[in-house]
Amino acid sequence: ALGKSYRIQDAASGAEAIALAAVESFDLVLLDIMMPGLDGFQTLSRLREIPGFRTTPIIFLTASHEKEIEQTGLKLGAADFITKPFVLEHIRLRIANILERSELQKRLELAMDSAELGLWEGNGCDNGVRIDQRSNRLIDPALQPEPGKLITWEALCHPDDLPELEAEILRLHTRSIQAIDIDIRIRAYDGDWGWVHLFGKATVREKCGQATRMMGTFRDIQRRKKSEEARQRSEEQLRLVMEATGEGVWDWTVQSQAVSHNASWCRILGLDEQYLVHSLAFFKALIHPDDLENLEQALINCLGRDTPYQSEHRLRKANGEYVWVL
């Protein structure tokens, strides 16, 4: 009956099913419990050991109505439990629903892997957190808890970042923020500290509004942080070199018309360092009137024609004298 809608592969025993699953992937398995040789429960346990089979949905079929048998199957990770006799149309609907959920789960996992995201889930009443396997590659193996157990943020998070993380969690509890959105360091796989970007929201709240469950994602941003640190070091080295040579540095943000300079520029003009940032109008007021037209034309050429800006002009110092600058 199912062969009209799906491609079906039959297995006459648990051992045959295991052999088939080892060489071919399946979207779903209908598994009887009472079978010669391996029973359905033993077969499922063996199937779960096959790489790539962990998330394949299983539907148990049985003539038994004993609750203990159903509980055993569900504990082993069965997606559904169908007792005989059954209505074929009901099975069709159950299979269609399970396959749809399975496909959605595959798409979600593909999206998570493509974005290099991991999942975390935390309790609202304590500091326990569960990290899925996708993320565990980021975490020191010595800190990974046993299956089904929780780990704490204190064990994962760098001591310097923990207060800020706990404050974010508290704000999420009290609805001061809608989501946790923070960069923290966690104990990494190599035993060192690794940067991750943590995002999460409250998924369950009590009537009083307190969050009892939180869920979110985190991404490895170690390369980005290293790049930022390298850029900061480079900028600091450049600043030190420019300060040592006495070169004045200027930076003009065109849209806001804000101009900033370094300390050497202020020293050249005898200005206090409160003038490190000022308006373009203030800068133009320092230019000698006879040089202003040529300077403005050089700026227009730079902005409109993408030509390098260069200008020799006089700037008024704090004592009223003019100094030539390039």
Side-chain angles (χ1 to χ4, degrees), residues 54-55 77 101 104-237 239 277:
R54 182 178 60 86
T55 59
R101 291 200 302 269
L104 289 173
Q105 181 68 24
K106 289 178 181 178
R107 292 181 182 180
L108 173 61
E109 291 184 356
L110 178 60
M112 297 287 290
D113 288 338
S114 298
E116 297 183 339
L117 292 174
L119 290 175
W120 65 271
E121 180 181 356
N123 292 334
C125 55
D126 56 35
N127 211 9
V129 61
R130 180 180 290 106
I131 310 295
D132 80 342
Q133 290 294 329
R134 185 179 294 102
S135 315
N136 276 351
R137 65 179 180 270
L138 302 174
I139 300 173
D140 186 347
L143 297 178
Q144 293 179 14
E146 297 177 3
K149 298 293 183 65
L150 299 180
I151 195 170
T152 63
W153 283 120
E154 286 92 340
L156 281 174
C157 185
H158 192 286
D160 293 345
D161 302 332
L162 185 60
E164 186 178 0
L165 172 61
E166 291 178 334
E168 284 284 283
I169 293 175
L170 179 61
R171 285 193 285 268
L172 184 64
H173 275 314
T174 58
R175 294 184 183 269
S176 299
I177 57 175
Q178 296 299 314
I180 296 173
D181 194 351
I182 188 175
D183 292 346
I184 63 171
R185 285 163 290 181
I186 63 173
R187 183 68 73 177
Y189 194 85
D190 57 5
D192 201 356
W193 295 104
W195 281 100
V196 298
H197 176 72
L198 190 75
F199 181 86
K201 290 187 175 183
T203 56
V204 180
R205 289 187 181 273
E206 296 178 345
K207 291 182 179 180
C208 63
Q210 288 286 331
T212 57
R213 186 179 178 190
M214 296 170 290
M215 185 177 292
T217 62
F218 61 91
R219 174 188 285 118
D220 184 350
I221 58 169
Q222 187 72 356
R223 285 178 294 180
R224 191 193 82 189
K225 283 293 184 179
K226 286 184 177 180
S227 177
E228 290 176 357
E229 291 172 358
R231 186 178 70 248
Q232 290 173 356
R233 288 195 299 269
S234 178
E235 290 175 351
E236 178 65 13
Q237 290 170 350
R239 186 190 66 80
V277 180

Distance-only donor-acceptor hits, side chain of residues 229-237, under 3.5 Å, sequence neighbours excluded:
from, atom 1, to, atom 2, distance (Å)
E236, OE1, R239, NE, 3.2
E236, OE2, R239, NH2, 2.7

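Residues T55 and Q105 fail the side-chain proximity criterion, which asks for heavy atoms closer than 4.5 Å.
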If you apply the rule side chain to side chain contact (heavy atoms under 4.5 Å, CB included), what do you find for H197 with D181, and how did you get there? CA-CA 7 Å; H197 176 72; D181 194 351; 2.5 Å; yes
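Residues meeting the side-chain contact (heavy atoms from CB on, under 4.5 Å) test with S227, sequence neighbours left out: none. Annotation: ring-ring contact (aromatic ring centres under 6.0 Å, His included) contacts of W153 (sequence neighbours excluded): W120. D183 pairs by the salt bridge (charged side-chain N to carboxylate O under 4.0 Å, His left out) definition with R224, K225, not counting sequence neighbours. Under the rule for a salt bridge (charged side-chain N to carboxylate O under 4.0 Å, His left out), the partners of R171 that lie at least two apart in sequence or sit in another chain are E168.
Heavy-atom minimum distance, L198 versus F218: CD1-CB, 3.8 Å.
Within the model, atoms NE2 of H158 and CD of E164 stand 13.0 Å from one another, a figure rounded to the nearest 0.5 Å. The SG atom of C157 sits 4.0 Å away from the CD1 atom of I184 when rounded to the nearest 0.5 Å. Here CE of M215 is found 13.5 Å from NZ of K201. Values are rounded to the nearest 0.5 Å.
The only member of I180, I182, L117, T217 that meets side chain to side chain contact (heavy atoms under 4.5 Å, CB included) when paired with F199 is T217.
Annotation for E228: atom CD counts as buried by contact number, over 12 foreign heavy atoms lying within 6.0 Å. Around NZ of K106, the count of heavy atoms belonging to other residues, nucleotides or ligands within 6.0 Å exceeds 12.
The salt bridge (Lys or Arg N to Asp or Glu O under 4.0 Å) contacts involving residues 150-161 comprise D161-R185, where partners must be two or more places apart or lie in separate chains.
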